[in-house]
Amino acid sequence: MVHWSLRRQNSWVQLAGHEGNFKASERGHILKKFSPIENACLVALMEDVLRPYVPTYYGLVERDEQTYIKMEDLLMGLEAPSIMDCKIGIRTYLEEELAKALLKPTPRKDMYNKMVALEPDAPTPEEHKQQAVTKPRYMQWRESVSSTASLGFRIEGVTVEAGPVKKNFKKMKSRDKIMETFVLFTKGRKDILATYLDRLEKMQTALQNSEFFRTHEVIGSSLLFVHDRRGFSNVWMIDFGKTTPAPPHVTLRHDVPWEPGTHEDGYLLGLKNLIAAFRDTMRTVEETAEETSECLEQQGDISDKVLRKREIEGNTTNGENKEL
Ligand SMILES: O=P(O)(O)O[C@H]1[C@H](O)[C@@H](OP(=O)(O)O)[C@H](OP(=O)(O)O)[C@@H](OP(=O)(O)O)[C@H]1O
Ligand SMILES: Nc1ncnc2c1ncn2[C@@H]1O[C@H](COP(=O)(O)OP(=O)(O)O)[C@@H](O)[C@H]1O
């Protein structure tokens, strides 16, 4: 018998990040364009207590004159996977990008265009005139219109059972809507929610004991949630392209708001809020199951009932993410 995790039953799915950054590799591995910063992180993480929470690192390979980082394919073995990418932390850009923008602002037309596409009135009159914004300005605005600034995490992308990839979460700010998305993502399955919660809590403990975490500013990193209909589920820390060692004189806490110069990332604030949102989602699912006398062990899809219950309770404002 072939173990489930040894069979490749899926094709590559990319929920977020830069186009063209990944390349397929042999079974169980993927290739990501080399970045010295991410490479140094993965090397260090292989020796850290966080190792079980990050994709295994297999070194560097050359393809078509480009260097790639070879790492574990986290979708390996999943059948029609459901995947969710949540970016963690209260700040999504580097302090040095802010310093650069203050010293020598680089106007970004592409970021201005992304901004007006979402909120035509967001740019200032001056920015409208220039048809450009700086990168920190765009990133801070993205943080404020999403849940990053308030909750320390945001949903970047979701796919349910290998369906279409949804990325329309840029303005998802409210905790209620995030919880609705968790219900839709897991189809209200208590077993999957429970596995995610357990893994997140263990990750939280590992982070508190991690030498890597104590000494690194973790910016723009995500948690990748993966599960399938059979109930195989896991959460992983990915994307260390903007994770850098903190200056030696700085002691990072990760659970306090950022002030310029502190290098704080708010990673633990975000994780705490994410865990709480998962716990409340689970409670709602349990209450709905009790009320409707449904047996959750049957693992039926109760997401419709949970959402209807939330609507009745007045928690739902509109159906923005119901199409998942
Ligand atoms: O998600 P949208 O709104 O499209 O904005 C993207 C993300 O914030 C990227 O961050 P991440 O990679 O953490 O998702 C960031 O890449 P960086 O990693 O380079 O900061 C991009 O900056 P540019 O690559 O400069 O365009 C920025 O345009
Ligand atoms: N090891 C992995 N296994 C499976 N999928 C991955 C892996 N790493 C990244 N991905 C997919 O690629 C997407 C972008 O990854 P990320 O590392 O954030 O890229 P970028 O550095 O371009 O932002 C993730 O949302 C996820 O869907």
Side-chain angles (χ1 to χ4, degrees), residues 5 8 10-25 27-39 41-42 45 53-58 68-78 81-89 91-98 100-101 106-119 122 132-146 148 153-159 162 165-172 217-227 234-244 265:
S5 66
R8 186 181 178 95
N10 53 278
S11 50
W12 169 248
V13 183
Q14 185 177 339
L15 287 194
H18 298 84
E19 297 281 323
N21 244 4
F22 291 89
K23 212 177 172 63
S25 183
R27 210 178 61 160
H29 302 143
I30 57 158
L31 303 180
K32 181 172 179 184
K33 261 190 196 155
F34 175 75
S35 120
I37 294 177
E38 182 153 42
N39 190 63
C41 287
L42 287 168
L45 282 162
Y53 301 92
V54 298
T56 304
Y57 171 77
Y58 295 107
Y68 288 90
I69 295 172
K70 187 172 179 177
M71 64 175 95
E72 180 182 357
D73 178 359
L74 302 172
L75 304 180
M76 175 70 182
L78 294 174
S82 295
I83 318 166
M84 176 169 73
D85 179 312
C86 284
K87 195 185 281 291
I88 310 290
R91 176 164 55 93
T92 57
Y93 56 91
L94 299 169
E95 286 203 358
E96 67 179 49
E97 285 176 316
L98 188 61
K100 256 191 240 160
T106 309
R108 295 274 304 256
K109 283 195 187 303
D110 59 331
M111 289 186 159
Y112 170 85
N113 289 335
K114 287 198 277 188
M115 200 178 205
V116 289
L118 208 63
E119 260 186 27
V133 294
T134 63
K135 180 164 177 175
R137 159 77 170 124
Y138 173 75
M139 303 292 261
Q140 283 172 354
W141 168 79
R142 280 275 275 124
E143 291 164 6
S144 69
V145 296
S146 68
T148 289
F153 73 91
R154 71 174 179 231
I155 299 174
E156 290 276 296
V158 177
T159 176
V165 173
K166 299 284 177 185
K167 295 190 186 185
N168 56 335
F169 301 98
K170 287 193 173 170
K171 286 180 83 172
M172 188 174 281
E217 180 183 347
V218 186
I219 302 296
S221 180
S222 286
L223 291 180
L224 195 69
F225 294 76
V226 300
H227 68 264
N234 220 332
V235 191
W236 305 89
M237 295 172 70
I238 61 160
D239 195 359
F240 302 100
K242 288 186 285 189
T243 293
T244 49
D265 51 29

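Positions are given from 1 along the sequence. When a ligand or atom number is given, it counts from 1 through the structure's own listing order.
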Undergrad: Just to verify, what does E119 make a side-chain contact (heavy atoms from CB on, under 4.5 Å) with, not counting sequence neighbours?
TA: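 Expected list: A122, W141, V145, K171.
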
Undergrad: For the backbone of P55 and the side chain of E72, can you confirm whether one donor and one acceptor N or O come within less than 3.5 Å of each other?
TA: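 Not at all, since once roles are kept as given, no pair shorter than 3.5 Å links the two residues.
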
Undergrad: Which value, rounded to the nearest 0.5 Å, describes the distance between W12 atom CH2 and Q14 atom CD?
TA: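 Answer for the CH2-CD pair, W12 versus Q14, is 5.5 Å.
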
Undergrad: Which is closest to atom 28 (O) of ligand 1 in terms of heavy atoms, R108, K114, E97?
TA: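 That would be K114.
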
Undergrad: State whether the side chain of T134 and the backbone N or O of T106 hold a donor-acceptor pair below 3.5 Å, judged by distance alone.
TA: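 Checked: no pair found.
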
Undergrad: Distances only, to 0.1 Å: what are the N or O pairs between ligand 2 and the protein that fall under 3.5 Å?
TA:
residue, atom, partner, partner atom, Å
ligand 2, 1 (N), E72, O, 2.9
ligand 2, 3 (N), L74, N, 2.9
ligand 2, 17 (O), K32, NZ, 2.8
ligand 2, 18 (O), D239, OD2, 2.9
ligand 2, 21 (O), K32, NZ, 2.7
ligand 2, 21 (O), D239, OD1, 3.3
ligand 2, 21 (O), D239, OD2, 3.4
ligand 2, 22 (O), H18, N, 2.8
ligand 2, 22 (O), H18, ND1, 3.3
ligand 2, 22 (O), N21, ND2, 2.8
ligand 2, 23 (O), D239, OD2, 3.0
ligand 2, 25 (O), A16, N, 3.3
ligand 2, 25 (O), D85, OD2, 2.6
ligand 2, 27 (O), L15, N, 2.9

Undergrad: Is R108 close to Y138 at the side-chain level, that is, under 4.5 Å between some pair of heavy atoms?
TA: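 They are not in contact (no side-chain heavy atoms under 4.5 Å apart), so the answer is no.
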
Undergrad: Does any N or O of ligand 1 fall below 3.5 Å from an N or O anywhere on Y138, backbone included?
TA: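 It does: an N or O of Y138 is found under 3.5 Å from an N or O of ligand 1.
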
Undergrad: I need the nearest protein heavy-atom contact for atom 7 (C) of ligand 1: residue, atom name and distance, please.
TA: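 Atom 7 (C) of ligand 1 sits closest to the protein heavy atom M139 CE, 4.4 Å.
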
Undergrad: Could you find the nearest protein heavy atom to atom 11 (P) of ligand 1 and give me its residue, atom name and distance?
TA: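 Nearest neighbour among protein heavy atoms for atom 11 (P) of ligand 1, to 0.1 Å: K87 NZ, 3.2 Å.
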
Undergrad: Give me the residue, atom name and distance of the protein heavy atom closest to atom 12 (O) of ligand 1.
TA: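 Checked against all protein heavy atoms, atom 12 (O) of ligand 1 sits closest to H18 CE1, 3.3 Å.
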
Undergrad: Relative to the heavy atoms of G220, which atoms of ligand 1 are at a distance of less than 4.0 Å?
TA: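 The atoms of ligand 1 under 4.0 Å from a heavy atom of G220 are 13 (O).
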
Undergrad: For T92, does its backbone N or O pair with a side-chain atom of E143 as donor and acceptor, under 3.5 Å?
TA: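 Indeed, once roles are kept as given, a pair shorter than 3.5 Å links the two residues.
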
Undergrad: For the atom pair CG (L45) and OH (Y57), what is the distance rounded to the nearest 0.5 Å?
TA: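 OH of Y57 is found 11.5 Å from CG of L45.
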
Undergrad: Going by side-chain hydrogen bond (donor to acceptor under 3.5 Å, both in side chains), name the residues that satisfy it together with T243, two or more places apart in sequence or in a different chain.
TA: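 T243 satisfies side-chain hydrogen bond (donor to acceptor under 3.5 Å, both in side chains) with no other residue.
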
Undergrad: Is K135 in polar range of ligand 1, meaning some N or O pair under 3.5 Å apart?
TA: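 Between K135 and ligand 1 (N or O atoms, distance only) the closest approach is under 3.5 Å.
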
Undergrad: So, does K242 use its side chain to make a donor-acceptor pair with the main chain of Y93 at under 3.5 Å?
TA: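 A pair under 3.5 Å: no.
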
Undergrad: Is it the case that ligand 1 has an N or O less than 3.5 angstrom from some N or O of E156?
TA: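 No - when backbone and side-chain N and O of E156 are compared with those of ligand 1, no distance drops under 3.5 Å.
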
Undergrad: Considering only the protein, which heavy-atom contact is closest to atom 1 (O) of ligand 1, and what is its distance?
TA: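 Checked against all protein heavy atoms, atom 1 (O) of ligand 1 sits closest to R142 NH2, 3.2 Å.
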
Undergrad: When you measure from atom 10 (O) of ligand 1 to every protein heavy atom, which one gives the shortest distance, and what is it?
TA: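 Looking only at protein heavy atoms, the one closest to atom 10 (O) of ligand 1 is K242 NZ, 3.5 Å.
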
Undergrad: Would you give me the side-chain donor-acceptor pairs under 3.5 Å for residues 30-37, sequence neighbours excluded?
TA:
residue, atom, partner, partner atom, Å
K32, NZ, E38, OE1, 2.8
K32, NZ, E38, OE2, 3.4
K32, NZ, D239, OD1, 3.4
K33, NZ, G20, O, 3.4
S35, OG, I37, N, 3.4
S35, OG, E38, N, 2.9

Undergrad: Which distance, rounded to the nearest 0.5 Å, do you find between the CG of L223 and the CE of M237?
TA: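 So the CG of L223 and the CE of M237 are separated by 7.0 Å.
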
